[in-house]
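So that the names make sense, note that chain A is the first sequence line, chain B the second, and so on, each numbered from 1.
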Number of protein chains: 2
Amino acid sequence: MPGTDRRAWEVVLESIEADLLSGRLSPGDHLPAERALAAGLGVGRSSVREALRVLEVLGLIRTAAGSGPSAGAIIVALPGGGMSALMRLQVAAQGFPVADVVKTRLILEAAVVAELAGAAGAAGLAGSAQLLDAMDAPGLTEAEFLALDTQFHLSLATASGNQVITATMAGLRSAIEGYARAGALGLASWSETSARLRGEHRGIVAAIDAAEPELARARVVAHIEGYYAETHDHPLHAWPPALGPT
Amino acid sequence: MPGTDRRAWEVVLESIEADLLSGRLSPGDHLPAERALAAGLGVGRSSVREALRVLEVLGLIRTAAGSGPSAGAIIVALPGGGMSALMRLQVAAQGFPVADVVKTRLILEAAVVAELAGAAGAAGLAGSAQLLDAMDAPGLTEAEFLALDTQFHLSLATASGNQVITATMAGLRSAIEGYARAGALGLASWSETSARLRGEHRGIVAAIDAAEPELARARVVAHIEGYYAETHDHPLHAWPPALGPT
DNA sequence: GCGACGGGTGTGGTCTGACCACAGTACACG
DNA sequence: CGTGTACTGTGGTCAGACCACACCCGTCGC
């Protein structure tokens, strides 16, 4: 019978996934103890641990030692962490070209701001505006500015309310964090760039507030493409790249 | 010193990530044997295995027992698997609402076809056209049709050449595979729906071939929103959802 | 009666050692 | 020279042990 030869940790993973899909497990619930899970499924505890480790990295569970209500493995379903780890490692292993990461981020963020501009209430942008003010503080280092920049762009995704986009954007951003930092350090005049970026940020928010979807989209595209070109010596265009046999 | 109390498997993961970033490890390379890795890092073999299991699920390595060049853990960087597992489990754990998954897919696919239509050569669509013909075969079951449908939509992403979008689309698709199947089975007239879907597919490809980005985008939006509404009894709109207090 | 203290208990985290199945390799044998 | 067969090293799994931790509850002292 094919499929019976699954590895032990896969059996555990599938069992937990089935419990999630059937509703036997829901966010907030505790998983059975590792030893109980192992005994119940007829596998060793180490196999259970391998499966739980995967679930933890994927952001599905949170584990804590000790005793009491907060101990054990708890279903949390926080997608951000898992997405970040996945994207970061894929970029590190050269499975994801940096340019593709930036392009995807561009597509998603452009769609997000266009939707925000089209939506009636721009109530979700309070956090974004706060971050813009924080980025105006004098004496910010490149690293501090970039951290706020990350939060700002992420706050736009959060304002959309779309969990998938929020998590994906967070992952994409963390994947290219190292490149963004290296690029910023190589700039000739950081203060000029910082001023320009801050102005572009306010322009994006202004376009959203003005309920101008296409203007917001265009400004996001210019913002991201411009920064990419400035830090990479070559544009982001030529999309899709290299299809023909040359 | 904070940070020193990392768990053992995290040490392994960070070590491998550092090796990837520094170039000491590249796609195609073999990882050291589990026992050697454990000895070298001063951790137990079980901790090494937990880290490798994570890398395997994330699609970074492929493991094989036995001996010879193909055995051991090899860096592969195949993002599809990891993305699928992540999205599927997050949907199962209710971290990703199905509507958000569909919306994200809509955004990405709309951008993909628009770009494909804008690009000069539509050479990458040969596979897509082949799938369209396969979907015209009479007597296809719902499941067979949906499998081809998945391949068709994925082939569009592949044609874009963007690794991140391709992997993300594959993950999104696998996350909602169960819902798509359940929705198809509940339809009143499958043959009518199938005919309509096939027509819409050809319309999308035609728009790309005609180099009409906005038409292609509009047809993709209509295609996905229409199918969602048909199988869910409520539209995909109201985006972003529920920001206000109420 | 009430508070503080201490062991008991169960949790995840880790290591060790052992065994298995597997696949390639090298060596001995015909 | 060809053909097996034993060897070696790999991942896969299990069992058992120990640790640190955090809660729980009973006891003790006030």
Side-chain angles (χ1 to χ4, degrees), chain A residues 1-16 19 25 28-76 78 81 85, chain B residues 1-16 19 25 28-76 78 81 85:
Chain A
M1 199 161 108
T4 308
D5 55 341
R6 282 188 196 81
R7 288 183 280 180
W9 62 270
E10 289 182 282
V11 173
V12 179
L13 216 48
E14 289 169 10
S15 164
I16 295 176
D19 284 349
L25 285 177
D29 287 354
H30 279 69
L31 257 60
E34 294 179 357
R35 293 163 176 87
L37 214 41
L41 294 172
V43 301
R45 191 186 161 205
S46 50
S47 298
V48 170
R49 297 201 95 254
E50 291 181 19
L52 293 189
R53 200 60 52 232
V54 169
L55 292 177
E56 180 175 348
V57 171
L58 258 39
L60 259 88
I61 64 174
R62 179 185 66 76
T63 64
S67 178
S70 69
I74 307 179
I75 314 270
V76 291
L78 298 174
Chain B
M1 192 162 122
T4 307
D5 54 339
R6 282 187 199 83
R7 287 183 281 182
W9 63 270
E10 288 183 286
V11 173
V12 180
L13 216 47
E14 288 168 12
S15 164
I16 295 177
D19 285 349
L25 284 177
D29 288 354
H30 279 69
L31 258 61
E34 293 180 358
R35 293 163 177 87
L37 214 42
L41 294 173
V43 300
R45 191 186 162 206
S46 50
S47 299
V48 171
R49 297 200 96 253
E50 291 182 18
L52 293 188
R53 199 61 52 232
V54 169
L55 292 177
E56 181 176 348
V57 171
L58 258 40
L60 259 87
I61 64 173
R62 179 186 64 79
T63 64
S67 177
S70 68
I74 306 178
I75 313 269
V76 291
L78 298 175

Checklist entry - Touch check for A:Gly66, heavy atoms < 4.0 angstrom, all strands: base, sugar-phosphate only, or nothing? => result base
Checklist outcome for this item: The first and last nucleotides of DNA chain C lying within contact of chain A, meaning any atom under 4.0 Å from one of its heavy atoms, run from C:dG10 to C:dT14
Checklist entry - In Å and rounded to the nearest 0.5 Å, what is the CD to OG distance from A:Glu34 to A:Ser47? => result 11.5 Å
Item to check | Interatomic distance, A:Glu50 CD vs D:dC14 C1' [rounded to whole Å] | outcome: 11 Å
Item to check | Distance in angstrom units between B:Arg45 CZ and D:dG12 C1', rounded | outcome: 7 Å
Checklist entry - Where the side chain of B:Arg53 is defined as all heavy atoms beyond and including C-beta, which of D:dA17, D:dG12, D:dC23 is the nearest nucleotide? => result D:dG12
Item to check | For atom CZ of A:Arg62 and atom P of D:dA22, their distance in whole Å | outcome: 12 Å
Next on the checklist: Under 4.0 Å, counting only non-hydrogen atoms across every strand here, what does A:Ser46 touch: a base, just sugar-phosphate, or nothing?
Outcome noted: base
Next on the checklist: Given the structure, check if the side chain of B:Arg49 and the base of D:dT13 hold any donor-acceptor pair shorter than 3.5 Å.
Outcome noted: no
Item to check | Test log, rule side-chain contact (heavy atoms from CB on, under 4.5 Å), inputs B:Leu52 and B:Ile16 | outcome: CA-CA 9 Å; B:Leu52 293 188; B:Ile16 295 177; 4.0 Å; yes
Item to check | OG1-CZ distance between B:Thr63 and B:Arg49, expressed to the nearest 0.5 angstrom | outcome: 7.5 Å
Next on the checklist: So which atom in B:Ala73 and which in B:Ile61 form the shortest heavy-atom distance, rounded to 0.1 Å?
Outcome noted: CB-CD1, 4.2 Å
Checklist entry - Are B:Leu60 and B:Ile75 close enough, and set up right, to give a side-chain contact (heavy atoms from CB on, under 4.5 Å), and what steps lead you there? => result CA-CA 6 Å; B:Leu60 259 87; B:Ile75 313 269; 5.7 Å; no
Checklist entry - Atom CD1 of B:Ile74 to atom P of D:dT10: distance rounded to whole Å? => result 13 Å
Next on the checklist: Between B:Pro32 and A:Ala65, which residue's closest nucleotide on DNA chain D lies nearer the 5′ terminus?
Outcome noted: B:Pro32
Checklist entry - When the distance from NE2 of B:His30 to P of D:dG9 is rounded to whole Å, what number comes out? => result 16 Å
Checklist entry - Where do B:Leu58 and A:Leu58 land on the side-chain contact (heavy atoms from CB on, under 4.5 Å) test, with the steps shown first? => result CA-CA 9 Å; B:Leu58 258 40; A:Leu58 258 39; 3.6 Å; yes
Checklist entry - Looking across every strand, which nucleic acid part, if any, lies under 4.0 Å from A:Ala38 by heavy atom: base, sugar-phosphate, or nothing? => result nothing
Item to check | Separation of D:dT8 C1' from B:Arg35 CZ (nearest whole Å) | outcome: 12 Å
Next on the checklist: Going by salt bridge (Lys or Arg N to Asp or Glu O under 4.0 Å), name the pairs with one or both residues in residues 55-65 of chain B, residues two or more places apart or in two chains.
Outcome noted: A:Arg7-B:Glu56, B:Arg53-B:Glu56
Item to check | Spacing between A:Arg7 atom CZ and D:dT10 atom P, to the nearest angstrom | outcome: 17 Å
Next on the checklist: At 4.0 Å (heavy atoms only), tell me whether B:Ala71 reaches a base, stays on the sugar-phosphate, or touches nothing.
Outcome noted: nothing
Checklist outcome for this item: Result for 5'-nearest mapping on DNA chain D, choosing between A:Ser70 and A:Ala8, is A:Ala8
